[in-house]
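Data block below; observations after.
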Amino acid sequence: MAIIEEPRSSQEPTTDVAGRTDVSATVARVRAVYDSGRTRPIQWRVDQLQGLVRMLKQEEKRFADALASDVGKPMIEGFATDIAVTAGEIAYVAKHTARWAKPRKVSLPLSARPGKGYIVPEPLGVALVIAPWNYPIQLLLAPVAAAISAGNTVIAKPSELAPATSAALAELIPRYSDPEAIAVVEGDASVSTALLAERYDHIFFTGSTRVGRVVMEAAAKHLTPITLELGGKSPVLVDDSANIEVTGRRLAWGKWLNAGQTCVAPDYVLVSESRRDELVDSIRGAWAEFSGGDTRNTADYARIVTERHARRLQGLLADHGGTVAIGGAAEPEARYIEPTVIVDPNLSSPLMTEEIFGPILPVITVESMDEAVKFVNQRDKPLALYVFADDDAAADRLIDETSSGGSCINHVVLHLTPPELPFGGVGPSGTGRYHGRSGFDTFSNLRSVLRKKSTPDPKILYPPYTRLKERLIRRFL
Ligand code: NAD
């Protein structure tokens, strides 16, 4: 298929008598397209990916407005973290798809020779992608692009909590790519439930641990392979050797971005008493600079997604038993939560037991980094773990002695931007990886093929098992 230059009209979803999208019919239609073989040629895959990149460029304003209306995202944040970064990832995937799709030769042991061994990446079939609201473009399109690059058809469900972005994606994706192979199904949890009742060849879910469990259960019914990109509490370990001014500014940025509603936002900080107050001062200074002195009214600070979510955060502010060192204001009806630092909250308070997912940063005083490591290792393995240290050996030790899906040393969040760093969690923070080639591999069946010629055909394998054969087999194996 040639590159689609002109926007197409979107394909009408099939509806049932009650007027709801008939999910089964949509999945059947998308499966028929997969079965037809249309999505296998590399050129088809690249055309779709280039169409999505073109969509992000040509429709930038529409998407930026939608992000602003959904989460009050500052224009530049929406552009950088949802639109540009996604276009960059998809362009990278489009550029490398042909190479990734080639058979990968492997060397053979003596016992398998003569012959050739190779891994053939083949598409899985129909993929379901379910996305959250916090980076609603990136977290829908990046997995969709990975699925397409591997030659699959896709059902994509954006989040109902970002309704303007969901509507834009549902309207525009079919105009810029093959609408029969990539179907966008909008809706809430009930639509997700209906979608999950169908059979897929891969399910890729990004969202909360709670819903992750629901998805895993649904997948188990059909033994469908899954990728779960979940959340949790991502800790920050600040070594005594850290540059505290820079550490404070980078942490302040990580919590400011999207008002802390980022899966890899720093959740809490562990620091020694000797550096703690200096760190809090640095964060305070950075937030004052970011806001120009008026956080409530600056256009550069996002809102909380809904009043309900803001009330949850207000609840965390009310019940922690620590000292509010910065901020603390909440106006849930305006979906506003002030960037806040709480020093030494009660470790059994919800602030320290739940994922915060908002602009509140607990700072916990520890005796030493050994205590910090112990603290982290006693809890669920996190999605991200951050280390701040100017002493390289100290940084290496903190990485070695802990575990997480990903890590950044001396910064936050940025480790998810290079396409060749696979992104994902570990244990309760997620299963599986994507971005760049790891995304292609996630949506592929990496099929192992051993190729032999009909001759020679040594009889050593075949009975009768003589002493001579046994000796030879022992030598070869
Ligand atoms: P969520 O789990 O509430 O919703 C995610 C998606 O699941 C939405 O599309 C929603 O419609 C659907 N859904 C909701 N209830 C469902 C149900 N009962 N059955 C089936 N589907 C259902 O998550 P959210 O509030 O949109 O996002 C916030 C969470 O996502 C946080 O925990 C955050 O850490 C996590 N997250 C993780 C990543 C990552 O890459 N690891 C990225 C962003 C967000």
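Heavy atoms only: backbone and side chains are in, while hydrogens, waters and symmetry mates are out. Indexing begins at 1, ligand by ligand and atom by atom, following the structure's order.
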Notebook entry, point to check: Can you tell which part of Val191 has a heavy atom less than 4.0 Å from ligand 1: side chain, backbone, both or neither?
Noted result: neither
Check: Any protein heavy atom under 4.0 Å from atom 4 (O) of ligand 1?
Finding: no
Under 4.0 Å from a heavy atom of [X]: give me the atoms of ligand 1 that qualify, with their elements.
X: Phe357; answer: 28 (C), 31 (C), 33 (C), 34 (O)
X: Gly231; answer: 34 (O)
X: Ala131; answer: 6 (C), 8 (C), 9 (O)
X: Leu139; answer: 42 (C), 43 (C)
X: Glu160; answer: 10 (C), 11 (O)
X: Glu229; answer: 37 (C), 38 (C), 39 (C), 40 (O), 41 (N)
X: Val214; answer: 19 (N)
X: Lys157; answer: 9 (O), 11 (O)

Next item on the list: Report the relative orientation of the aromatic rings in His435 and Phe423; use parallel for angles under 30°, tilted for 30 to 60°, perpendicular for over 60°.
Entry: parallel
Considering only the protein, which heavy-atom contact is closest to [atom], and what is its distance?
atom: atom 40 (O) of ligand 1; result: Phe423 CE2, 3.3 Å
atom: atom 18 (N) of ligand 1; result: Ala189 CB, 4.1 Å
atom: atom 23 (O) of ligand 1; result: Ser208 N, 3.5 Å
atom: atom 36 (N) of ligand 1; result: Cys263 CB, 3.5 Å

Check: Can you pull the ring-ring contact (aromatic ring centres under 6.0 Å, His included) pairs that have at least one residue in residues 328-348, sequence neighbours excluded?
Finding: none
Below 3.5 angstrom, do we get any N/O pair linking [X] and ligand 1?
X: Tyr434; answer: no
X: Asn134; answer: no
X: Ile130; answer: no

Checklist line | Best match, Ser192, Gly405, Gly187: closest heavy atom to atom 20 (C) of ligand 1 | finding: Ser192
Margin query: I'd like the name of whichever of Leu196, Thr206, Val211, Thr209 reaches closest to atom 14 (C) of ligand 1 through any heavy atom.
Written below: Val211
Margin query: Would Arg379 pass as a cation-pi partner of Phe375, given that its NZ or CZ must be under 6.0 Å from the six-membered ring centre and within 45 degrees of the axis?
Written below: yes
Note to self: Tell me whether Lys73 contacts the main-chain N or O of Ala66 through its side chain, where contact means a donor paired with an acceptor under 3.5 Å.
What the structure shows: no
